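So the structure is just underneath, and the comments pick up after that.
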Amino acid sequence: MQVESFVNTIGADFFTGVPDSQLRALCDYLMDKYGIDPKHHIIAANEGNSAALAAGHYLATGHCPIVYMQNSGEGNIVNPVASLLNQKVYAIPMIFIIGWRGEPGVHDEPQHIFQGEITLKLLEDIGIEYYIVGVDTTEKDIFAAMEGFRSSLQAGKSVAFVIQKNALCYDKKITYQNENSLRREEIIQHIISISGNDPIVSTTGKASRELFELRVANKQGHERDFLTVGSMGHSSSIALGIALSKEKTKVWCVDGDGAVLMHMGAMAVIGTIAPQNFIHIVINNGAHETVGGMPTVAKKIDLVSIAKACGYSSAISVNTIQQLDVALHRAKSSHELSFIEVKSAIGSRANLGRPTTSAVENKISFMEYLRTL
């Protein structure tokens with residue numbers, strides 16, 4: 001169904017969340033209609049952040065807000081749903097719109113399979129009624145679902161619309177771009193060249209996909225790379241755990257701005273421990289590119305100053321290949337915790353593929369390689 005009809009039938013006018021490719025139509029519609037507007041639409045750092053923000057909106061206005069997310073974000077909302085929104089606490093109602101990745105019977109990537117299997121059960125366990133929106137769902141169906149939800153919302157309960165693949169559409173094409181010239185794939189190629197045989201932990205999304213394909217193009221193996229295909233925002237913590245156990249080995253983390261924002265507290269922990277063999281690279285295009293290109297706030301904040309405040313010994317921002325190579329060589333040869341922000345364009349190859357090895361195969365070969373270091 002058309003996303004305008006879906007939104008208008010629900011009737012809310014405040015939206016916050018984390019973008020999802022399954023909700024691309026909704027995200028594009030919101031960006032087209034509102035952009036980033038504190039009165040109507042805010043893209044938050046993570047889904048729990050969205051739920052709390054929406055709770056504040058309800059407290060101030062009495063109007064029921066909408067929180068949108070991929071189903072992987074359900075884990076991030078469990079705490080605010082259980083300890084803030086629940087009827088036994090403050091009884092704050094809201095409407096969740098959840099993209100159902102990994103739906104049973106629908107092909108998807110490995111990180112979505114288990115999450116897809118437990119999506120509905122998890123909603124049931126945390127007391128959220130839901131309605132599944134499919135390709136044949138009509139405006140009349142949504143109206144009836146909202147009528148069924150009314151008593152729950154009035155009683156302070158939250159509800160959810162679970163969105164199946166291709167259930168929502170938006171006819172207008174929205175293009176996301178920035179002023180940066182460096183492409184992420186080019187940046188990763190230079191990281192590969194200078195890191196040599198050091199292990200690399202890469203963040204979820206296109207960065208890991210490009211790293212995998214660059215290894216193939218270079219006729220290299222994949223044993224040096226841990227591809228974090230899920231658990232957005234946790235790559236730097238994974239890399240920290242490795243660095244602390246492999247003190248004589250440089251450990252590189254290729255991160256993204258959306259991932260850093262999602263769990264920024266990791267930087268404070270990394271900076272406080274300050275492992276001298278850790279290189280944290282954030283490829284910052286100011287966008288949630290893997291799920292469509294919707295903006296993050298990273299374009300407007302100073303990640304270098306944040307890194308320094310967290311305790312990183314060296315922190316620098318670069319936007320040319322020459323600057324990047326200098327920064328990479330310096331980090332490689334130094335004995336200090338290093339942070340490198342690389343300003344990147346939005347976009348990737350149209351024919352970008354996905355890893356052809358399984359996540360478990362990646363884990364096994366990576367662990368075997370670490371044993372040799």
Side-chain angles (χ1 to χ4, degrees), residues 1-34 36-37 40-55 57-58 63-78 80-81 85 92-103 106 112 115-116 118-120 122-124 126-139 141-150 152-153 157-170 174 288 291-292 294:
M1 69 181 302
Q2 288 290 328
V3 71
E4 301 101 315
S5 298
F6 175 67
V7 170
N8 291 337
T9 304
I10 293 174
D13 66 352
F14 181 80
F15 304 80
T16 181
V18 177
D20 169 36
S21 56
Q22 199 107 315
L23 301 179
R24 176 70 186 267
L26 174 65
C27 295
D28 282 351
Y29 168 76
L30 293 175
M31 287 301 300
D32 188 30
K33 182 172 183 178
Y34 299 119
I36 302 301
D37 176 1
H40 297 287
H41 179 225
I42 297 175
I43 296 177
N46 64 54
E47 296 83 1
N49 175 203
S50 297
L53 175 60
H57 174 81
Y58 173 82
H63 298 159
C64 187
I66 285 182
V67 174
Y68 61 88
M69 70 188 74
Q70 185 181 111
N71 54 344
S72 61
E74 284 183 338
N76 283 336
I77 66 167
V78 168
V81 166
L85 310 183
I92 297 175
M94 60 187 61
I95 300 169
F96 292 100
I97 299 178
I98 302 171
W100 195 357
R101 296 296 304 270
E103 178 186 352
V106 179
H112 298 299
Q115 185 70 56
I118 66 171
T119 292
L120 302 182
L122 187 54
L123 290 174
E124 293 166 1
I126 57 179
I128 295 179
E129 299 176 64
Y130 60 84
Y131 182 86
I132 298 172
V133 180
V135 292
D136 297 324
T137 300
T138 65
E139 186 176 333
D141 294 330
I142 299 300
F143 180 83
M146 282 301 299
E147 287 300 300
F149 285 155
R150 295 294 178 198
S152 294
L153 292 169
K157 294 182 178 180
S158 293
V159 300
F161 287 98
V162 179
I163 313 299
Q164 294 179 316
K165 188 175 183 179
N166 299 323
L168 298 178
C169 58
Y170 186 52
I174 307 300
H288 287 287
V291 293
M294 286 65 70

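Keep in mind that this is a model prediction, so the values were computed, not measured.
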Inset, instruction - Might you point out which heavy atoms bring T119 and E74 nearest each other, and give the distance in Å? - result: O-OE2, 3.3 Å

Legend entry - N8: side-chain hydrogen bond (donor to acceptor under 3.5 Å, both in side chains) partners, not counting sequence neighbours: none

Inset, instruction - Of all the heavy-atom pairs spanning Y58 and P65, show the shortest one and how long it is. - result: CB-CD, 4.3 Å

Legend entry - From Q164, Q22, H112, residue fulfilling side chain to side chain donor-acceptor pair (under 3.5 Å) relative to E103: Q164

Inset, instruction - Can you spot which of V162, I66, V67 makes a side-chain contact (heavy atoms from CB on, under 4.5 Å) with F96? - result: V67

Legend entry - W100 side chain to K165 backbone, donor-acceptor under 3.5 Å: no

Legend entry - Spatial distance of atom SG (C64) from atom NE2 (H57) [nearest 0.5 Å]: 8.5 Å

Legend entry - Taking every non-hydrogen atom, the tightest pair across F14 and A54: CE2-CA, 4.4 Å

Inset, instruction - Looking only at non-hydrogen atoms, find the nearest pair between I10 and I95 and report the distance. - result: CG2-CD1, 3.7 Å

Inset, instruction - Would you indicate whether the side-chain heavy atoms of M31 and H41 approach each other to under 4.5 Å? - result: yes

Legend entry - Shortest non-hydrogen contact from T16 toward I42: OG1-O, 2.9 Å

Inset, instruction - State yes or no: are the ring centers of F6 and F161 separated by less than 6.0 Å? - result: yes

Inset, instruction - Using the ring pair (Phe, Tyr, Trp, His ring centres under 6.0 Å) rule, pick out the option among F15, Y170, Y68, Y34 that qualifies with Y29. - result: Y170

